[in-house]
Amino acid sequence: MGPKRAYQRLVRLGFGNKESPEFEMDEEIETHLAMRTQDLVRAGMSPGEARAEAERRFGPGDLAQARRDLRTGARRRATARRSRDQIGSLIADVRLAVRQARRAPAFTAIAVATFALGIGAATATFTLARSVLLRPLPFPNPDRLVALYSVDSLHNRVPVVSSADWLDWRREGRGLATSAIHMDRRVAVVQDGAPVRAAGEMVSADFFSVLGADFVVGRPPTAAEAAAREPIVVVGEPFWRRVLGADPSLGTPLTIESHPYRVVGVVKAGQEYPAGTELWLPTHFEPDHGGARNLINWFGIGRMAARSTIGGTEAELTTIAARIHASDPAAVYSYGVMVGPLQDRLVGDSSASLALLMGAVSLVLLVACANLAAAHLARGLVRVREMAVRAALGAGRSRLIRQVLVEHCLLGAVGGALALVVAEAGVAGVLRAWGAQIPRAGEIRIDAWVVGFGILVSLLAGAGTGLAPALQASRLALSGLIAAGSRGQVQGSRALPGSILLVAEVALALLLLTGAGLLIRSFQVLQGRELGFDTNVVSVSATLTGPRYRADSTRQGGYWDRLTTALATLPGVK
């Protein structure tokens, strides 16, 4: 063996990993070459010639390449063997965890129920937060959709705009690729010979191009049709299926407020905006000035141009508003324009409430985990002898830690599976009680993201409750455990770390419980804050749609007088 090769072998022997498959393969190759060299030397060759001939006969190609190929194969076989061993070991740990759970059914039931309630509450709250706050709007490039707001003389943001101001913004602005305005309007629709109320929306012609909504059948209205004031209407898919029988030809006219309307398009279900809208009526707008600019009855939306930003678009529109106010001082809502994400308008103030609720529920889950961890610590003292036997049979610290963690993760997984049922029931209950007050309530559902969240929380909760007991078990000294005998208790100072951990877990539970209580209290204060007026008020909407009322203002006034007089006679009504 040459000096270089001998040096490399010495380095491998001194510093290499003698258990690695590469080292074993190198040893086999060297042994094979040494034996072949000795045979050739006995046959009459010199040592150098014998070594060269042994390497040549080793195989076709370069010896270094053959060595690399053999080491790669050995590494792959070792990896596959380790994977099989780890999977088999994990399966054995799971089986042992199942047997441990069966030995203590009461404790197992309490742990699973605690996990189910805590994780279920967290999953239900995450379902609400994801559907309301995190899920993007169901339109193309939803991050480009913005809401437009007026600004009054006190620089307050006003959620509605005037059609006259919007026409100037659209004509002069470049930050918005397109924009539209809309206003809700309850309309009477004749269905099977009887009029019924439908949630309608008056919209400008570009409304659907701003959103990028998909159509099941038909098309959006055109600007020419709106300018000609043609009696056309766009309906939502649920309304189309329920009222029009899903007629793909759209040949059946729709009677709205005693007038026939031609249906030109059907918006795909789930893309109705605002949520719950059943039909949209295109409206044409003419430029106006003076007091007409103060008729702020419309909600403005827009889609930003490719390279524009919210700040740049807002600055541009504010400049246009300042010019409007300078030329038309009667426009008291043209002191500026505010632009914000459209999703923020839909969410409103619910983000703060959901954030507080999510924080409170998370702290409650941590309280449950801390309590379970404390219970497992106390229970772990009973299993001292069992852990001692495992250590005596050759189980290392990592194996003991893994076994305890598997037991806890199994409890967390079972609790997490039940938590999905709890979350489903919780979300259904919340929607029944407060569905009308929750934005985007129709989009709230348990989807793959929610299930993934539940699985992740289950594993984290299981591992979190088992971490302290696992570390405790791994630190047990074998000599002290055997000396403890059948009592299964650690004598002397060895019990001190467990006691400290137990006290720490209880203190942590109290701290988390206090934090959860404070967050829940903040949530109650936020929900019950003073609004500045009496909330014991009922709102009633009524619309006069018949042609005899529309043509006769005296008849309209008489109707409202009779209605208010009749309502005033009801007991307890002002």
Side-chain angles (χ1 to χ4, degrees), residues 137 139-152 157-185 201-213 219-230 232 234 273-274 277 280-345:
L137 297 176
F139 302 110
N141 300 318
D143 57 311
R144 310 300 295 175
L145 292 174
V146 295
L148 307 178
Y149 305 89
S150 300
V151 176
D152 62 13
R157 188 179 74 175
V158 183
V160 284
V161 303
S162 71
S163 60
D165 286 349
W166 166 72
L167 286 173
D168 289 338
W169 301 345
R170 186 183 65 168
R171 184 181 66 254
E172 301 179 26
R174 296 295 179 267
L176 297 176
T178 180
S179 62
I181 56 176
H182 63 96
M183 178 174 61
D184 60 329
R185 176 184 174 186
E201 200 79 12
M202 298 174 63
V203 299
S204 59
D206 293 337
F207 181 79
F208 296 103
S209 63
V210 172
L211 297 176
R219 56 171 178 79
T222 64
E225 290 172 329
R229 291 182 170 81
E230 294 186 19
I232 59 176
V234 174
Y273 181 83
T277 304
W280 294 263
L281 300 169
T283 306
H284 180 65
F285 301 93
E286 296 288 347
D288 210 334
H289 62 279
R293 292 189 181 274
N294 299 328
L295 299 177
I296 50 173
N297 302 320
W298 303 87
F299 291 94
I301 61 174
R303 180 174 288 275
M304 292 194 301
R307 294 180 176 81
S308 61
T309 62
I310 289 181
T313 302
E314 182 175 293
E316 178 192 49
L317 295 181
T318 297
T319 301
I320 298 173
R323 182 199 57 75
I324 292 174
H325 182 71
S327 61
D328 198 350
V332 297
Y333 295 100
S334 291
Y335 284 85
V337 179
M338 290 189 181
V339 180
L342 183 58
Q343 186 161 348
D344 290 354
R345 168 182 282 177

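Both backbone and side-chain heavy atoms feed into the values below; hydrogens, waters and symmetry mates do not.
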Problem - Side-chain heavy-atom pair Arg229, His284 within 4.5 angstrom cut-off - result: yes
Handout entry: Residues forming a side chain to side chain donor-acceptor pair (under 3.5 Å) with Arg293, sequence neighbours excluded
Key = Asp165, Asp168, Asp328
Practice task
With the side chain counted from C-beta on, respond yes when Ile320 and Val337 share a heavy-atom pair under 4.5 Å apart, and no when they do not.
Solution key: no
Handout entry: Closest approach of Ile232 to Pro282 (non-hydrogen atoms, all atoms of both residues)
Key = O-CD, 3.3 Å
Handout entry: Donor-acceptor under 3.5 Å (Glu316 side chain, Gly173 main chain)
Key = no
Problem - Check: Ala321 main-chain N/O paired with Ser334 side-chain donor or acceptor under 3.5 Å - result: no
Problem - Sub-4.5 Å side-chain heavy-atom contact between Leu176 and Trp169 - result: no
Practice task
Taking the side chain as every heavy atom from C-beta outward, state whether Ser162 and Asn294 have any atom pair closer than 4.5 Å.
Solution key: no
Exercise for the section: Drop me the distance from Thr178's OG1 to Met304's CE, to the nearest 0.5 angstrom. Expected result: 13.5 Å
Problem - Heavy atoms of other groups near Tyr333 OH, more than 12 under 6.0 Å - result: no
Exercise for the section: Using the test side chain to side chain donor-acceptor pair (under 3.5 Å), find all partners of Arg157 that sit at least two apart in sequence or belong to another chain. Expected result: none
Problem - N/O donor-acceptor pair under 3.5 Å between Thr313 side chain and Ile310 backbone - result: no
Problem - Arg307 atom CZ, neighbour heavy-atom count above 12 within 6.0 Å - result: no
Problem - Set of residues satisfying ring pair (Phe, Tyr, Trp, His ring centres under 6.0 Å) with respect to Trp298, sequence neighbours excluded - result: Phe285
Problem - Any donor-acceptor pair under 3.5 Å from Arg345 side chain to Pro159 backbone - result: yes
Handout entry: Polar contact flag, side-chain donor to acceptor under 3.5 angstrom, Glu225-Thr222
Key = yes
Completion exercise
Scanning both residues in full, the closest heavy-atom pair of Phe139 with Leu211 reads CB-O, 3.2 Å
Donor-acceptor pairs under 3.5 angstrom involving side-chain atoms of residues 140-149: please list them, not counting sequence neighbours.
from   : atom 1 : to     : atom 2 : distance (Å)
Arg144 : NH2    : Ala305 : O      : 2.2
Arg144 : NH2    : Ala306 : O      : 3.2
Arg144 : NH2    : Ser308 : O      : 3.1

Practice task
Spell out, as yes or no, whether a donor-acceptor pair under 3.5 Å connects the side chain of Ser150 to the backbone of Val160.
Solution key: yes
Handout entry: Heavy-atom check, side chain of Phe207 versus side chain of Ile301, under 4.5 Å
Key = yes
Problem - Under 3.5 Å donor-acceptor, Thr283 side chain and Met202 backbone - result: no
Problem - Side-chain heavy-atom pair Leu281, Glu201 within 4.5 angstrom cut-off - result: no
Completion exercise
Closest non-hydrogen atoms of Asp206 and Ser179, given as atom of the first, atom of the second and distance, are CB-O, 3.7 Å
Exercise for the section: Please list, chain by chain and in numerical order, all residues satisfying side chain to side chain donor-acceptor pair (under 3.5 Å) with Glu314, sequence neighbours excluded. Expected result: none
Exercise for the section: Compare all side-chain heavy atoms of Ile296 with those of Val158 and state whether any distance is below 4.5 angstrom. Expected result: yes
Handout entry: Side chain to side chain, Leu137 and Tyr273, heavy atoms closer than 4.5 Å
Key = no
Exercise for the section: Could you pull out all residues at least two apart from Phe299 that satisfy ring pair (Phe, Tyr, Trp, His ring centres under 6.0 Å)? Expected result: His182
